[in-house]
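Residue numbers begin at 1 in each chain, while the letters A, B, ... track the order of the sequences.
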Protein chains: 2
Amino acid sequence: MEPAAVTTARASRTLPHPARDEIRLEGVLHALSDPMRLQIVRELAADGDELSCSQFVLPVTKSTTTHHFRVLRESGVIRQIYRGTAKMNGLRRDDLDALFPGLLDALLGAAARQSARLGEG
Amino acid sequence: MEPAAVTTARASRTLPHPARDEIRLEGVLHALSDPMRLQIVRELAADGDELSCSQFVLPVTKSTTTHHFRVLRESGVIRQIYRGTAKMNGLRRDDLDALFPGLLDALLGAAARQSARLGEG
DNA sequence: ACCGTACTACGATGCCTATCGTACGAGCCC
DNA sequence: GGGCTCGTACGATAGGCATCGTAGTACGGT
């Protein structure tokens with residue numbers, strides 16, 4: 001039994017998230033103004049809430065991927081938890097909808113529209 | 001009658017705007033992720049479409065104000081035309097609504113909500 | 001013609017950030 | 001335990017950007 005060691009280890013592996021009322025619109029918009037991060041959020045919205053970082057195929061290195069996920073987490077857009085060695089990511093849809101009703105759907109819709117327009121133009 | 005001189009002078013005073021289909025969501029989000037610019041857009045949405053730059057009371061110098069208005073124009077969020085020495089600003093609501101239906105209203109609503117939440121405790 | 005007002009252009013500055021590479025820590029499986 | 005995979009930390013780098021100040025242009029009024 002390794003109680004103290006495990007708890008501290010797990011505590012050190014919990015990631016800091018902003019509380020709901022600490023989320024700022026400007027921060028959310030800034031996070032989503034990067035094409036890479038917008039793509040991540042779109043995939044999270046489409047494929048459900050339990051995607052590990054490594055399931056995303058991004059044209060950047062792992063270091064950069066880590067950076068983008070951290071920006072999304074620190075701006076309050078996504079939630080991240082460790083599950084074993086994997087880090088699972090989920091949209092903070094409840095918080096965002098409570099703070100800014102309709103915004104997330106409008107953003108996702110806008111992204112989908114633009115993607116369709118540019119991709120099948 | 002000063003035809004040629006005036007036309008070239010006016011031509012040199014027309015400002016470049018992106019066409020509707022050149023507007024990019026990421027650019028719009030980046031433009032609105034700055035508090036100063038978000039405030040400008042909120043005032044434009046509230047007070048109508050014909051506001052000159054100097055009517056905005058911003059805690060920055062005129063140089064910086066010019067910069068912010070240019071970012072908004074080049075990202076496709078606002079339209080700018082010269083009227084005498086003044087530069088009139090207006091939201092590109094028609095273009096934005098056509099490209100991203102509901103987005104602008106969702107953004108303005110989110111900004112208003114956050115402002116109310118932070119301003120009135 | 002002259003002056004004042006509105007806005008711009010340009011250079012400087014300091015900060016932020018997207019990106020990479022390398023080295024490392026944490027947990028799973030044999 | 002040994003190795004493997006997933007993700008992190010840290011430093012470096014290069015580019016972007018918000019801000020300023022100063023000097024200048026354009027236009028309208030006197």
*Asks:* Send over the distance from Arg73(A) CZ to dG7(D) C1', rounded to a whole Å.
*Replies:*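 About 12 Å, once rounded to whole Å.
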*Asks:* Linking Ile, Leu, Val, Met, Phe, Trp and Tyr by side-chain heavy atoms under 4.5 Å, what else ends up with Val57(A)?
*Replies:*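 Result for Val57(A) is none, singleton.
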*Asks:* Could I get the full list of side-chain contact (heavy atoms from CB on, under 4.5 Å) partners for Ala19(B), not counting sequence neighbours?
*Replies:*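 Testing Ala19(B) for side-chain contact (heavy atoms from CB on, under 4.5 Å), a comparison that skips the adjacent residues, returns Asp21(B), Glu22(B).
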*Asks:* Within the 4.0 Å heavy-atom criterion, would you say Thr65(A) contacts the bases, only the backbone, or no part of the nucleic acid?
*Replies:*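 Here Thr65(A) touches no strand at all.
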*Asks:* How long is the line joining CZ of Phe69(B) and P of dA6(C), in whole Å?
*Replies:*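 That distance rounds to 14 Å.
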*Asks:* Would a single hydrophobic cluster contain both Leu58(A) and Leu38(A), if residues Ile, Leu, Val, Met, Phe, Trp and Tyr are joined by side-chain heavy-atom contacts under 4.5 Å?
*Replies:*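 Yes, Leu38(A) connects to Leu58(A) through the hydrophobic network.
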*Asks:* Phosphate oxygens OP1/OP2 of dC27(D): is one of them under 4.0 Å from a side-chain N or O of Arg13(B)?
*Replies:*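 For Arg13(B), the contact criterion (side-chain N or O under 4.0 Å from OP1 or OP2 of dC27(D)) is met.
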*Asks:* What donor-acceptor contacts under 3.5 angstrom involve side-chain atoms of residues 102-115 of chain B, with partners at least two apart or in another chain?
*Replies:*
from	atom 1	to	atom 2	distance (Å)
Asp105(B)	OD1	Arg93(B)	NH1	3.2
Gln114(B)	OE1	Leu25(A)	N	2.8
Gln114(B)	NE2	Glu26(A)	OE1	2.9

*Asks:* When you compare the protein's N or O atoms with those of nucleotides 17-21 of chain D, which come within less than 3.5 Å of each other, and at what distance?
*Replies:*
from	atom 1	to	atom 2	distance (Å)
dA18(D)	OP1	Arg37(B)	NH2	3.3
dA18(D)	OP2	Arg37(B)	NH1	3.1
dA18(D)	OP2	His67(B)	NE2	2.7
dT19(D)	OP2	His68(B)	NE2	2.2
dC20(D)	OP2	Thr61(B)	N	2.7
dC20(D)	OP2	Thr61(B)	OG1	3.1
dC20(D)	OP2	Thr64(B)	OG1	2.9
dG21(D)	N7	Ser63(B)	OG	3.3
dG21(D)	O6	Ser63(B)	OG	2.9

*Asks:* Restricting to side-chain contact (heavy atoms from CB on, under 4.5 Å), what partner residues turn up for His67(A), sequence neighbours left out?
*Replies:*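 So His67(A) forms a side-chain contact (heavy atoms from CB on, under 4.5 Å) with Arg37(A), Val71(A).
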*Asks:* Is a salt bridge present between Asp47(B) and Arg42(B), judged by a nitrogen-to-oxygen distance below 4.0 Å?
*Replies:*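 Salt bridge absent between Asp47(B) and Arg42(B).
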*Asks:* Tell me every residue that passes side chain to side chain donor-acceptor pair (under 3.5 Å) with Ser63(B), counting only those two or more places apart in sequence or in another chain.
*Replies:*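 Not a single residue meets the side chain to side chain donor-acceptor pair (under 3.5 Å) criterion with Ser63(B).
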*Asks:* Between dG7(D) atom C1' and Ile40(A) atom CD1, what is the distance in whole Å?
*Replies:*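 About 14 Å, once rounded to whole Å.
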*Asks:* Nearest whole angstrom, please: distance from the C1' of dG7(D) to the CZ of Arg70(A).
*Replies:*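 Rounding to the nearest Å, CZ of Arg70(A) and C1' of dG7(D) are 12 Å apart.
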*Asks:* Quick one: side-chain contact (heavy atoms from CB on, under 4.5 Å) partners of Ser52(B), sequence neighbours excluded?
*Replies:*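 With neighbours one apart ignored, the set is Ser54(B), Gln55(B), Ala86(B), Met88(B).
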*Asks:* How would you label the contact of Ser54(A) with the nucleic acid (heavy atoms, under 4.0 Å): base, sugar-phosphate, or nothing?
*Replies:*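 The residue Ser54(A) makes sugar-phosphate contact but no base contact.
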*Asks:* Mind checking what makes side-chain contact (heavy atoms from CB on, under 4.5 Å) contact with Thr85(A), not counting sequence neighbours?
*Replies:*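 Not a single residue meets the side-chain contact (heavy atoms from CB on, under 4.5 Å) criterion with Thr85(A).
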*Asks:* Please determine whether a side-chain nitrogen or oxygen atom of Tyr82(A) lies at a distance below 4.0 Å from atom OP1 or OP2 of dC6(D).
*Replies:*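 For Tyr82(A), the contact criterion (side-chain N or O under 4.0 Å from OP1 or OP2 of dC6(D)) is not met.
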*Asks:* Can you check nucleotides 28-30 of chain C for protein contacts, nitrogen or oxygen pairs under 3.5 Å, and list what you find?
*Replies:*
none

*Asks:* Round to a whole Å and report the spacing from CD of Glu74(A) to C1' of dC16(C).
*Replies:*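 Roughly 14 Å, once rounded to whole Å.
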